[in-house]
Amino acid sequence: MLPLPTVGVGAVAASPATAAGVAAPIRFRPLRLVASRASTTPSSPSTSSSAISSASPAGHSREHLSGRDGSPSKTSKPRVFFLDVNPLCFRGSQRSLGAFARWLALFFAHVSIRDPVVAVLDGDGGNEYRRRLLPSYKAHRARGVGTGADTRVVDVLRQCNVAVVRVDGYEADDVVATLTEQVLQKGYRVAIASPDKDFKQLISDDVQLVVPIPEIGRWSFYTLRHYVAQYKCDPTADLSLRCFMGDEADGVPGIQHLVPGFGRKTAVKLLQKHGSLENLLNTAAIRTVGRGYAQDALTKHADYLRKNYQVLSLKRDVNVQFDDSWLSPRNTCSDANVLADFLLKLSGQGRS
């Protein structure tokens, strides 16, 4: 994540700039958090074996729907948001609960409004499965949101009537992917709030991303239309494409260091013709599918590419079940006070 600009408690920056390949940011009204030392007592969430807390807020549903670009649409399916918590707790490479609070305030005030929100954190040992396959996987990355931070982050989310889920042995990405499948089967659309590009493999007509843009301090919707415009291929090929290109941020090397001439253009062309990595590798094993260097790469490094696929693919079979109570519209009455008090405590501790 790029450094988060200072977003004052009293207002939100209003820059017209956009990030490459990302939809134009939604227009925000001024955001103001009023600090109050008197704590607000939220409704008591229930708990389950798969969830830290399961908020079932009271109140009647108010449609806050959007089309493929995030704009309002009366005919759209209802929507559920998944909030990927861990990356929001960093400013650049440094842990920052202040960054988490500011992104959360913007998310509540201008993105999710009262739509259901499920927050997901990495479980203990969540990286171990992928590190056994590839020791370099996230080897240089800080783990979790920081010692002592988990409880504070979870407390804030619970006080804002958000269901919080963490499954030991799994990364948040895998939990979100599993729950997304379940929500789609219930007839809802899904919006995943995260800067993590791993989620691009889930994009469809009914699954979009909401990406924090640090340069301008805003969230921006990223949809199927934006993906196709950016990559010139369908998101179903995203995972296969990343197996060739690798993921430097996660410590997953691409094929370029083995075959320098094998770039994105070659990978996209082959995947457009053969559909998936496995189909491409199986075909290359019995006949020529491209130029000499590409054919050699596919036959000599098939196992390497398949391992990348195992590491980069999101699991859809995590032992977690979506609770229908999470579909209730979120009770927002505590948001301003809870977040303002949280920032006030952080300020008193000399943290930002």
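Each residue takes its place number in the sequence, starting with 1.
- In this pair, Tyr222 and His226 present their aromatic rings tilted. The plane angle is within the 30 to 60° band.
- Cluster annotation: Val120 and Tyr188 are assigned to the same hydrophobic cluster (Ile/Leu/Val/Met/Phe/Trp/Tyr, side-chain heavy-atom contacts under 4.5 Å, transitive).
- Both Val207 and Tyr231 are assigned to one and the same hydrophobic cluster, defined by single-linkage of ILVMFWY side chains at heavy-atom distances under 4.5 Å.
- Under the 4.5 Å side-chain heavy-atom criterion for Ile, Leu, Val, Met, Phe, Trp and Tyr, Tyr227 and Val176 are members of the same hydrophobic cluster.
- For the residue pair Ile213 and Ser220, the shortest heavy atom distance occurs at CG1-CB, 3.9 Å.
- Considering Arg316, Arg130, Lys315 in turn, Arg130 is the only one that fulfils the side chain to side chain donor-acceptor pair (under 3.5 Å) rule with Asp174.
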Begin from the C-alpha positions of Val183 and Val118 and carry the test side-chain contact (heavy atoms from CB on, under 4.5 Å) through to its verdict. CA-CA 11 Å; Val183 170; Val118 178; over 6 Å; no
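- A donor-acceptor pair under 3.5 Å is absent between the side-chain atoms of Asp250 and the main chain of Val252, judged by distance alone.
- Of all non-hydrogen atoms in Pro195 and Val211, the two that sit nearest each other are CA-CG1, 4.3 Å.
- Side chains of Phe199 and Asp84 form a contact here, defined as non-hydrogen atoms less than 4.5 Å apart.
- Taking the side chain as every heavy atom from C-beta outward, Leu97 and Phe342 approach each other to under 4.5 Å.
- A donor atom on one side chain and an acceptor atom on the other are found under 3.5 Å apart for Thr266 and Tyr293.
- For the pair Arg330 and Phe108, the distance from NZ or CZ to the six-membered ring centre is under 6.0 Å and the angle to the ring normal is within 45 degrees.
- Heavy atoms of other residues, nucleotides or ligands lying less than 6.0 angstrom from CD of Gln295 number more than 12.
- Here Arg102 contributes atom CZ and Leu88 contributes atom CG; the two are 13.5 Å apart, rounded to the nearest 0.5 Å.
- Rounded to the nearest 0.5 angstrom, Leu281 CG and Ser276 OG are separated by 8.5 Å.
- Side chain of Arg189 to backbone of Asp206: no donor-acceptor contact under 3.5 angstrom is found.
- Looking at heavy atoms from C-beta onward, Val167 lies out of side-chain contact with Asn319 at the 4.5 angstrom threshold.
- In this structure, CZ in Arg158 is found 13.0 Å from OG in Ser334, a value given to the nearest 0.5 Å.
- Residues Asp247 and Asp198 are in side-chain contact: their nearest non-hydrogen atoms beyond the backbone lie under 4.5 Å apart.
- There is a path of hydrophobic side-chain contacts, each under 4.5 Å, that joins Met245 to Leu271.
- Asp324 pairs by the salt bridge (Lys or Arg N to Asp or Glu O under 4.0 Å) definition with Lys186, not counting sequence neighbours.
- Screening Leu157, Leu83, Val85 for a side-chain contact (heavy atoms from CB on, under 4.5 Å) involving Val162 leaves a single residue, Leu157.
- Using a 4.5 Å heavy-atom threshold, the side chains of Leu343 and Leu339 count as separate.
- With rounding to the nearest 0.5 angstrom, the CG atom of Leu104 is 7.5 Å from the CG atom of Asp335.
- Residue pairs meeting the ring pair (Phe, Tyr, Trp, His ring centres under 6.0 Å) criterion with at least one member in residues 240-261, sequence neighbours excluded: Phe244-Phe262, His257-Tyr304.
- In this structure, the side chain of Gln256 does not engage the main chain of Gly246 through any donor-acceptor pair within 3.5 Å.
- Side-chain contact between Asn282 and His274 is absent, with no heavy-atom pair separated by less than 4.5 Å.
- Distance alone, capped at 3.5 Å, places no donor-acceptor pair between the Arg306 side chain and the Leu277 backbone.
- Side-chain contact between Val111 and Leu106 is absent, with no heavy-atom pair separated by less than 4.5 Å.
- When all heavy atoms of Ala267 and Leu241 are compared, the closest pair comes out as CB-CD1, 3.7 Å.
- Using a 4.5 Å heavy-atom threshold, the side chains of Pro253 and Leu134 count as touching.
- The backbone N or O of Gly251 sits less than 3.5 Å from a side-chain atom of Ser136, completing a donor-acceptor pair.
- Cluster membership check: Tyr309 does not share its hydrophobic cluster with Leu314, using side-chain heavy-atom separations under 4.5 Å among Ile, Leu, Val, Met, Phe, Trp and Tyr.
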Step by step, would you call Leu346 with Phe100 a side-chain contact (heavy atoms from CB on, under 4.5 Å)? CA-CA 11 Å; Leu346 291 178; Phe100 161 75; over 6 Å; no
Check against side-chain contact (heavy atoms from CB on, under 4.5 Å), Leu224 and Gln208: CA-CA 7 Å; Leu224 174 62; Gln208 59 185 198; over 6 Å; no
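- Interatomic distance, NZ of Lys200 versus OG of Ser194, reported as 11.0 Å (0.5 Å rounding).
- The shortest non-hydrogen separation linking Leu121 to Ala172 is C-CB, 3.7 Å.
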I would like to know whether Val153 and Cys89 meet side-chain contact (heavy atoms from CB on, under 4.5 Å); could you show each step before the answer? CA-CA 9 Å; Val153 166; Cys89 297; 4.1 Å; yes
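- Residues meeting the ring-ring contact (aromatic ring centres under 6.0 Å, His included) test with Phe107, sequence neighbours left out: Phe81, Trp219.
- The two residues Thr178 and Val318 come nearest to each other via the heavy atoms OG1-N, 3.2 Å.
- Rounding to the nearest 0.5 Å gives a distance of 10.0 Å between CD1 of Ile192 and CG of Leu179.
- Taking all atoms of both residues into account, the shortest heavy-atom contact from Gln310 to Leu133 is CB-CD1, 3.8 Å.
- Of the charged side-chain nitrogens involved, none lies within less than 4.0 Å of a carboxylate oxygen, so that Lys138 and Asp122 do not count as a salt-bridged pair.
- At least one donor-acceptor pair closer than 3.5 Å links the side chain of Gln182 to the backbone N or O of Phe322.
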